[in-house]
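Notes follow once the structure below has been shown.
In this text, all values refer to a predicted model and were calculated from it rather than measured experimentally. Letters go in sequence order (proteins before strands), and every chain restarts at 1.
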There are 2 protein chains.
Amino acid sequence: MTRAALSPDAVVDIALRIVDEKGPDALTLSAVAARAGVATPSLYKHVRNLAELRVLVSGRVMAELTEVASEAVLGRSGDEALRALMDGWRSYAARHPHRYSALIQAPRPETAEAGNRLIGIMLAALRAYGLEGSAAIHAVRCLRAAMHGFAVLEAAGAFQLAENLDESYALLAHMVVSGLRTPREG
Amino acid sequence: MTRAALSPDAVVDIALRIVDEKGPDALTLSAVAARAGVATPSLYKHVRNLAELRVLVSGRVMAELTEVASEAVLGRSGDEALRALMDGWRSYAARHPHRYSALIQAPRPETAEAGNRLIGIMLAALRAYGLEGSAAIHAVRCLRAAMHGFAVLEAAGAFQLAENLDESYALLAHMVVSGLRTPREG
DNA sequence: CTCAGAGGCTAATATCATTAGCCTTGAGGT
DNA sequence: ACCTCAAGGCTAATGATATTAGCCTCTGAG
């Protein structure tokens, strides 16, 4: 390494700080360069372009979320594991709303393995429900939709009323659990 | 009206067409002006700026969604109403994925009444479950999170596996219904 | 027939992203 | 001790885009 200086990871670090402070829309190469104390074009030595930087940021967020999720599930099973996963997920999103909003949902090869790991954790959290094959996939999708939907709306400040959000989320968790336990008619 | 020409509504129409065809990120004043056959600055005679245009677009989408939702709930009640609402919601999002992605969740005064109407419809769809006060609010939040989460992920192409999406969504609906019907342990 | 204003236009400015091409420095081989 | 070369910075230049200012021209109301 010819110089101390920047590196792709360092650029992503700075990007994350900007996202946290001013939201995903404020993530611009100019802003990153300014913080790095470097001219904008210099960043291209570390990152292909803005689009790629966004993907890298998203990947980092996904990794953090995976960390949180995996810790939540560790040593638990059944409803407890599921609730812990859901709580961890929401709490991460609530702690870092901008960062969570920077998550790119459209599948990208660069974040494919991180995404798969995350899905693996959800599958693990559902293991106790004895879902087979496709049933497990459907369950993961629903779990993901529920968690993500709530997280997005909460991060956007879309829940305006005074009612306690923890209670709302507890109901959401109850829906997931009872939906998995209750047999489906016809 | 001094001229046939443009109008705020016409501008939004064009904006919607662009969003539909190329996604929300392609919505730019240049693009709108080009389609309108007008110089970019002329648009400022009809719309305050790009941010406002986005809000107007979002308002239009919200109104359409309200229309779909209200039609779905009309003449139905109980599980049937809830499922019809959910199906209508998802089908709108699937039919117009870009448009759906252009929905702004952060509450804005300009779209407040449209949002309230939408929430009113969700409340109506839940009426048969006999929820009182706060309980109804929590239920609406969960319903909204579930529908929105699934719609966002589906629109983004986040569900990669081959499993049938209708089935996944049916499970989600089942979760909501059974969560509302099943009593919650303490 | 007049005239005010709605609605277009051009010119100008600022911010970004991105590319091209140059320069310096330090790590390693000789 | 040198030499070289590439990594990593830099400046200059280009091209979108948004936005503002200020001008011009119909058109419809009086």
Side-chain angles (χ1 to χ4, degrees), chain A residues 1-60 98-99 101-102 104 106 108-111, chain B residues 1-60 98-99 101-102 104 106 108-111:
Chain A
M1 46 231 72
T2 47
R3 187 74 61 82
L6 245 34
S7 73
D9 273 341
V11 171
V12 174
D13 285 342
I14 295 172
L16 274 172
R17 238 177 306 135
I18 292 170
V19 166
D20 279 341
E21 292 172 18
K22 313 201 191 153
D25 290 350
L27 176 56
T28 136
L29 290 180
S30 302
V32 172
R35 291 237 184 169
V38 121
T40 307
S42 302
L43 296 176
Y44 288 82
K45 288 287 161 69
H46 303 284
V47 145
R48 190 181 309 288
N49 54 31
L50 178 60
E52 192 198 56
L53 177 55
R54 290 212 188 96
V55 171
L56 292 175
V57 165
S58 175
R60 191 87 139 245
H98 291 319
R99 210 175 273 221
S101 308
I104 296 174
R108 305 208 132 252
E110 303 93 323
T111 57
Chain B
M1 47 231 68
T2 47
R3 188 75 61 80
L6 246 33
S7 74
D9 273 341
V11 171
V12 174
D13 285 342
I14 295 173
L16 274 171
R17 238 177 307 135
I18 292 171
V19 166
D20 279 341
E21 291 171 18
K22 314 199 192 154
D25 290 350
L27 176 56
T28 138
L29 290 180
S30 303
V32 172
R35 291 237 186 169
V38 121
T40 307
S42 302
L43 296 176
Y44 288 82
K45 288 287 161 69
H46 304 285
V47 145
R48 191 180 310 290
N49 53 33
L50 178 59
E52 193 198 56
L53 177 56
R54 290 211 187 97
V55 170
L56 291 175
V57 165
S58 175
R60 190 87 139 245
H98 292 319
R99 210 174 274 221
S101 308
I104 297 174
R108 306 209 130 252
E110 303 94 321
T111 57

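In this model, the phosphate group of dA17(C) is approached by a side-chain N or O of Thr28(A) to a distance below 4.0 Å at OP1 or OP2. Dashed line: the shortest gap from a side-chain N or O of His46(B) to OP1 or OP2 of dA6(C) is not under 4.0 Å. Between Thr40(A) and dC16(C) there is no side-chain N or O to OP1 or OP2 distance below 4.0 Å.
Both Ala31(A) and Lys45(A) lie near DNA chain C, and the one whose nearest nucleotide falls closer to the 5' end is Ala31(A).
The Ser30(B) side chain lies nearest to dT17(D) when the options are dT17(D), dC9(C), dT11(D).
Atoms NE2 and CD1, from His98(B) and Ile18(B) in turn, are 12.5 Å apart once rounded to the nearest 0.5 Å.
Spacing between atom OH of Tyr44(B) and atom P of dA21(D) amounts to 12 Å, rounded to whole angstrom units. Taking atom CG of residue Leu29(A) and atom P of nucleotide dT19(C), one finds them 11 Å apart after rounding to whole Å. At whole-Å resolution of the value, CD in Glu52(A) and C1' in dT18(C) are 14 Å apart. Leu50(B) places its CG atom 18 Å from the P atom of dA16(D), with the value rounded to the nearest Å. For the pair Asp25(B) CG and dT17(D) C1', the computed distance is 14 Å after rounding to whole Å. Atom CG of Leu27(B) and atom P of dA18(D) are 8 Å apart (whole Å). The interatomic distance linking Arg48(B) (CZ) with dG7(C) (P) rounds to 15 Å, in whole Å. Rounded to whole Å, atom P of dA21(D) lies 17 Å from atom CG of Leu43(B).
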**Audit row: Arg35(B), Glu21(B), salt bridge (charged side-chain N to carboxylate O under 4.0 Å, His left out) steps and yes/no** = CA-CA 13 Å; Arg35(B) 291 237 186 169; Glu21(B) 291 171 18; 2.6 Å; yes
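At a threshold of 4.0 angstrom between heavy atoms, the contacts of Ser42(B) include nucleobase atoms, whether or not backbone atoms are also involved.
In terms of heavy-atom proximity, His46(B) sits nearest to Pro8(B) at O-CG, 3.4 Å. For the pair Ala26(B) and Ala31(B), the tightest heavy-atom approach, listed with the atom from each and the gap, is O-CB, 4.0 Å.
Under the 3.5 Å distance criterion, the side-chain polar atoms of Thr40(B) are left unmatched by any main-chain donor or acceptor of Ala33(B).
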